[in-house]
**Q** 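Below are the structure tokens for one structure; questions will follow.
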Amino acid sequence: MFRSPIIASLTRHKLTTLLLVLQVSLTCAIVCNVAFMIAHRAAQLHTASGVAEDELVMIDSTDLDQDAQPLARHDADLAALRTIPGVRSAAAVDALPYNHNDWGNGIGIAKDAPARAVATAFNGTPGELATLGLHLVAGRDFHADEYVPMDSAHDWSGIDHVPAAIVTRSLADLLFPGQDPLGKSIYPGDNAARIVGVVDHLARPYLHEDASNEYATLLPMLPDSNTVTYVMRTAASDRSDVLKRAADVLNRLHGNRILRHARTFAELRSSYFEHSRTMIGLLLAAALGLLAVTAIGIAGLVNFWVQQRRRSIGIRRAVGATRGDILRYFLGENLLIVGCGVAVGSLLTYALNALLMVHDEQARLPPIYLMIGAAALCMLGQLAVLGPAVRAAAVPPVTATRSG
Amino acid sequence: MPGYYFLLAILSLKRNKVITALMIVAIGLGIGASMTMMTVLHVMSDDPLPGRSAQLFVPVIDPKPVHEDKPARAAADDDLTWPDAAYLLHAARADKQAAMAAGILPIQPQQATAHPFFESGRYVTADFFSMFGTPFAAGRGWTQQEDQDHARVVVLNAALNRKLFGAASGVGQVIRLKNTDFRVVGVLDNWQPQPVFYAQIDEHAFGEDDQFFLPLQTALELKLEFAGRMMCWGSGGDSRSSDHCSWLQFWVQLSTPAKASAYRDFLSGYVQDQRARGRFPRHVEPHLYNLMDWLAFQHLIPDDLQVQLWLAFGFLGVCMLNIVGLLLAKFLRRSGELGVRRALGARRRDLFLQLGIESSVIGVAGGLLGLALAELGLWSVRQQPDGYAHLARMDLAMLAGTFVLAIAASVIAGLLPAWRACNVAPALQLKTQ
């Protein structure tokens, strides 16, 4: 029975070959899944928040006066902030994307009906929409007479009286699929709020994995607790100047307060995703480390094999094999082994993916990752084997006549 | 003989310097990564209150209406409403019990020139201190009577006391929190259990601490700022005191299993009684979690860390396969030499010992490198902003564990090739020469 010399020779190293196949398949499984995790996290890093990220700065202020009048205080503060050179507009708000301040409300579409979704309420003074740089795709901004105080001293009961709402497109699609949401009523509190506008994107204060990341309502409610966030929109180059001046301006206007978290939106975003960036770095290091170890393993192993087979290589050369033949032999052998490893690895990859889907709510791995991973491993194998194979091809035919 | 074999091993390893170095680096990396992650998870799953944790329990009652969807993660809302917490406090069926919630307050230093600042703390009831065994550097907690009287008293933690009063204890002094004067009755001796197990478990469970403690009822009366999650499913009335908002953490101390079982019955009785009055429509039985079970149930350890641990083990696995393959190829190449030794009378076990020592040298070297890399890895974890980062240190047990893992990994990796190679038939190998 004819057997290719490559296979015949590998049967003399069954255990070693098996180990190498196993190593390649494990590497394939881990690297493909890790690559998928990296891609998923990298995509999260770049999710649009919907606000003008490069033009926003903010500062938190807490009024310490015993008989503080928050509404008047916010108006006076905002008026002062707007006088800072470079400030285009300013608003007092409670929530911002990624600021961890999430007031979620169950949103029904009929009175006392069960909630269809939990959406974050973004509340602020007139001009919030323009200050944040949100993009209206339908409808209008709020009218001045639609604003009501939040009434935070009485369990935020303003939400039961708020007459209007602007919703994100993803919330509108969920509540009124296929319909025009403008003019429809939603029930964030006890009573109806009419949808007057739709914005294309607005991310919630916490990152969510799916469409619910943008379940948000903008409500015309004036923040009226002692602590508030002032947001200012400015040119990107003016941000640090504006921030520095904002603290001075606010302290000069009213000293009995605590100012905290003076930062640009870019800083807020960067600190929110810091952990994610570290994780990407770790995953990347692990994947590259695995590939390196496997490549080194292949190179080392073939190196031993070449030393062991010097005599038979010499004989083949003596009976007429060219250097190219020897080179091709080792490359072919490697392709066979890595190919088997990748084949077994495909099964392992999806087994590992299935495990991760159960434990970590991972999505199903798209086949493209496996294809790229397999091709990369095959190429890596060829590269790793190139050095020893060239050395093997350099074995002179005269070796055949020497013993040992 | 082993000494001679050791010399032989060194000689043999020197012959392939690059490959030897690579094998040591591979096993070192694998062990370093695994040990780093095992140490991080080990310190994170440590008992935050050794000696007391077995007696501490969390009662969970589900008061939500029927149509409220079950949250994707069970941890989302296991807090109590004020009426339920107040009932459990008043019934006092456990050895000790306390209700608590997080708070954040502006603090006015006594010197008029100093600027006010924010500090996080906790609003608790009287048993909190004795139940958790908080160490007092000076003073004491407060009594249940003072809870009832809404006393203006506060217990400070060490850092805030130092900030306000320097080295002296502030007991007896008056400090201004928000707009109210409080009398300092006690100072804790830097009490920072990690994780902050008694709080709502979220991504801040590690690394945060409470710097003041004052009576919960006082905070409710003065409408001080609460922090943390509050879930409501109805409206009307004051949400903090209503039966449609859950936001309180509740802990009980039950010193014997019999008491725990009696407390379970008491909870069931209460829930049934309330159900008869139209509350708790979801028919979820009340639960009583032990402290360590509670932390597991609340998903204290983030998924990311689990992934990192398994990744590290996978990495170690691939490195081990790598080394087994390399050693096998290396030993088999020496079949001729080994065959000669067999023919000259060496027993299999002699060859096995010789090759075993050679792989052990790699293993020990790799283990030492792994230990160094693990320390490096832990150092880099400590540079991270995560709350658990500062805990990432190796204790003696983990140090010993690293060494055992390193030796075990390399011995397992070395045994198979050594066993396979010492099985050469003497005659056959001589013949092919």
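If you're wondering where the values come from, they're calculated on a predicted model, not measured in any experiment. Proteins come first, then strands; the chains are lettered A, B, ... in the order of their sequence lines, and each starts at number 1.
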**Q** Looking at A:Leu64 and B:Pro116, what are the two nearest heavy atoms and their distance?
**A** CD1-CG, 3.2 Å
**Q** What closest approach, in Å, do A:Leu301 and B:Ala329 show between heavy atoms, and which atom pair accounts for it?
**A** CD1-CB, 3.2 Å
**Q** Can you measure from CD1 (B:Ile323) to CG (A:Leu19) and round to the nearest 0.5 angstrom?
**A** 12.0 Å
**Q** State the CD1-SG distance between A:Ile296 and B:Cys319, to the nearest 0.5 angstrom.
**A** 9.5 Å
**Q** A:Gln23 versus chain B, heavy atoms under 4.5 Å apart: side chain, backbone, both or neither?
**A** both
**Q** Would you mind checking which part of A:Asn256 comes under 4.5 Å of any heavy atom in chain B, side chain (CB onward), backbone (N, CA, C, O), both or neither?
**A** side chain
**Q** Could you tell me which portion of B:Leu316 (side chain, backbone, both or neither) has an atom closer than 4.5 angstrom to a non-hydrogen atom of chain A?
**A** neither
**Q** Quick check on B:Phe118 against chain A: is it the side chain, the backbone, both or neither that has a heavy atom closer than 4.5 Å?
**A** both
**Q** Non-hydrogen atoms of chain B under 4.5 Å away: do they reach the side chain of A:Leu15, the backbone, both or neither?
**A** both
**Q** Mind checking whether B:Asp304 and A:His275 have side chains closer than 4.5 Å, heavy atoms only?
**A** yes
**Q** Between B:Lys223, B:Gln308, B:Gln108, which residue shows the highest count of heavy-atom pairs closer than 4.5 Å to chain A?
**A** B:Gln308
**Q** Would you call A:Ile30 and B:Leu311 a side-chain contact if the rule is heavy atoms closer than 4.5 Å?
**A** yes
**Q** Heavy-atom cut-off 4.5 Å, strictly under: side chain, backbone, both or neither for A:Arg277 against chain B?
**A** neither
**Q** Looking at side-chain heavy atoms only, is the closest gap between A:Met279 and B:Val307 below 4.5 Å?
**A** yes
**Q** At a heavy-atom separation under 4.5 Å, does B:Met230 approach chain A through its side chain, its backbone, both, or neither?
**A** side chain
**Q** Can you tell me which portion of A:Arg309 sits under 4.5 Å from chain B's heavy atoms? Options are side chain, backbone, both or neither.
**A** neither
**Q** Would one find more than 12 heavy atoms of other residues, nucleotides or ligands at under 6.0 Å from atom CZ of A:Arg116?
**A** no
**Q** How far does CG of B:Asp303 sit from CG of A:Leu356, to the nearest 0.5 angstrom?
**A** 10.0 Å
**Q** Step by step, work out the side chain to side chain contact (heavy atoms under 4.5 Å, CB included) result for A:Thr16 and B:Arg420.
**A** CA-CA 11 Å; A:Thr16 322; B:Arg420 177 73 182 73; over 6 Å; no
**Q** Looking at every non-hydrogen atom in both residues, tell me the closest pair between A:Trp156 and B:Ser239 and how far apart they are.
**A** CZ3-OG, 4.2 Å
**Q** So do the side chains of A:Leu259 and B:His115 get within less than 4.5 Å of each other, counting heavy atoms only?
**A** no
**Q** By a 4.5 Å heavy-atom criterion (distance strictly below it), what part of A:Val24 contacts chain B: side chain, backbone, both, or neither?
**A** neither
**Q** If we only count heavy atoms from C-beta on, is the B:Ile19 to A:Phe304 side-chain gap below 4.5 Å?
**A** yes
**Q** Which bit of A:Thr27 comes within less than 4.5 Å of chain B, counting heavy atoms only: side chain, backbone, both or neither?
**A** both
**Q** Does B:Lys17 NZ have over 12 foreign heavy atoms under 6.0 Å away?
**A** no
**Q** Side chain, backbone, both or neither: which part of B:Val18 has an atom under 4.5 Å from a heavy atom of chain A?
**A** neither
**Q** Does any heavy atom of chain B fall under 4.5 Å from the side chain of A:Asp102, the backbone, both, or neither of them?
**A** neither
**Q** I need the A:Gln307 CD to B:Arg334 CZ distance, nearest 0.5 Å.
**A** 11.5 Å
**Q** For B:Leu332, which atoms come within 4.5 Å of any heavy atom of chain A: side chain, backbone, both, or neither?
**A** both
**Q** Determine whether B:Asn322 and A:Thr294 satisfy the following criterion, side chain to side chain contact (heavy atoms under 4.5 Å, CB included), listing intermediate values before the conclusion.
**A** CA-CA 7 Å; B:Asn322 195 25; A:Thr294 301; over 6 Å; no
**Q** Taking atom NZ of B:Lys178 and atom OG1 of A:Thr62, what is their separation to the nearest 0.5 Å?
**A** 10.0 Å
**Q** Within a reach of under 6.0 Å around CH2 of B:Trp419, are more than 12 heavy atoms found that belong to other residues, nucleotides or ligands?
**A** no
